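The structure appears below as structure tokens.
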Amino acid sequence: MNDFPDELHPDTLAIRAGTLRTEFGEHSDAMYLTSSFCVGSAEEAALKFTNQMPGYIYSRFSNPTVTAFEQRLAALEGAERAIATASGMSAILALGMAHLKAGDHVVASSGLFGATIQLFNAYFVKFGVQISYASPTDPAAWAAAIRPNTRLFFLETPSNPLTEVADIAALAEIAHAHGALLAVDNCFCTPILQQPLKLGADLVVHSATKYLDGQGRVLGGAVAGSTALVEPVYLFLRTAGPSLSPFNAWVLLKGMETLPLRMRAHCDNALKLAQWLQAQPQVARVYYPGLPSHPQYALAQRQQRGGGGIVSFEVHGGREAAWRVVDAVQLMSRTANLGDVRTTITHPASTTHGRITPEARAAAGITEGLIRLSVGLEHDEDLIADLRRGLA
Ligand SMILES: *Cc1c(COP(=O)(O)O)cnc(C)c1O
């Protein structure tokens, strides 16, 4: 496999890093649909199984197509190593299994993906891990939440659905001062818009299902960071088995080739929609880190290379009005998925955040009038016409 120098531009790395070429000289990446690999001798098998010789053994451990995906993502994140997982959730599970033990304490952002909160509260806690939550926009709250046994800070930025921006460098400094690790779920920005490791984070997790694929076809995930921190994640993965399928890795490799172009186009379209929404009398508030009215606009300008593709807005008139907008669109897809070339529209209070109590929802700022868009790559005028229909 090619080992490209760091100086290459991310646009180039997204296409060329991790490219695997066999004796046949195939131009596109080869896909290795095989569960196991043969060896030439009993001695070779013994050496490979005891890690004294590199090479592929079994696709739960690793697979050449999966390795190509891992190398491409590691190059983009500026990580020594990335390890692929079957989904974003299994990446977070593997990170926890590798780096936490009973009695450890985690400080997590209050603005996390719903299944991540469920994984922490229903499962990590069951194994004796303590969890506290702190606002992503209030570093002092993270410092105050630290206990002598705090081992990990975990956050997403921008958050879903309110696009709150956390200061990665400031939180990394607080975590490190107490000997804790900082892990960032970089799903919304992708390494094209934000490289958490360069800002001081220790580990990055991904749901590759979203922008890395970009076309809603496969599930996948990854954990990236230093070799020392990723190796224990790999050891859990090869033992427990939530490994990425080579087919999905191949689809993700194809998706990543257009990631830089797509992310820039997502940002352009999202900004146009956010600006238009802000001028509509039916809209009470727009949440988008690329708007100067966003409370963390200056931080987002510093930390991100664009506002991203997620725009949320609140309409006057509560749930009834919000549902009318969701029901009136003809082009946008009514689905909770995000990061797709197709624009999606969701009412968080009754879907992604529908299972938490109304009090918890209110505390999290998820009002009944809130609508979340994952802005895709259709023409912006068609998207605006679709929303205008809904708002009318
Ligand atoms: C979707 C998502 C996940 C979970 O990823 P899956 O691939 O669905 O398991 C984790 N974090 C964020 C921010 C997500 O949007």
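Atoms considered below: every heavy atom in the structure, side chains included; atoms not considered: hydrogens, waters and symmetry mates. Source: prediction; values computed, not measured. In listed order, ligands and their atoms are each counted from 1.
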Atom [atom1] in [X], atom [atom2] in [Y]: separation rounded to 0.5 Å?
X: Ser35; Y: Arg60; atom1: OG; atom2: CZ; value: 11.0 Å
X: Leu162; Y: Ile366; atom1: CG; atom2: CD1; value: 4.5 Å
X: Thr85; Y: Ile92; atom1: OG1; atom2: CD1; value: 9.0 Å
X: Phe153; Y: His176; atom1: CZ; atom2: NE2; value: 9.5 Å
X: Trp250; Y: Leu33; atom1: CH2; atom2: CG; value: 10.5 Å

N or O contacts of ligand 1 with protein under 3.5 Å, please list pair by pair.
| unit_1 | atom_1 | unit_2 | atom_2 | d |
| --- | --- | --- | --- | --- |
| ligand 1 | 5 (O) | Ser207 | OG | 2.9 |
| ligand 1 | 7 (O) | Gly88 | N | 2.9 |
| ligand 1 | 7 (O) | Ser207 | OG | 2.8 |
| ligand 1 | 7 (O) | Thr209 | OG1 | 2.6 |
| ligand 1 | 9 (O) | Gly88 | N | 3.1 |
| ligand 1 | 9 (O) | Met89 | N | 2.9 |
| ligand 1 | 11 (N) | Asp185 | OD2 | 2.6 |
| ligand 1 | 15 (O) | Lys210 | NZ | 2.7 |

Donor-acceptor pair between Thr190 and Lys210 side chains, under 3.5 angstrom
no
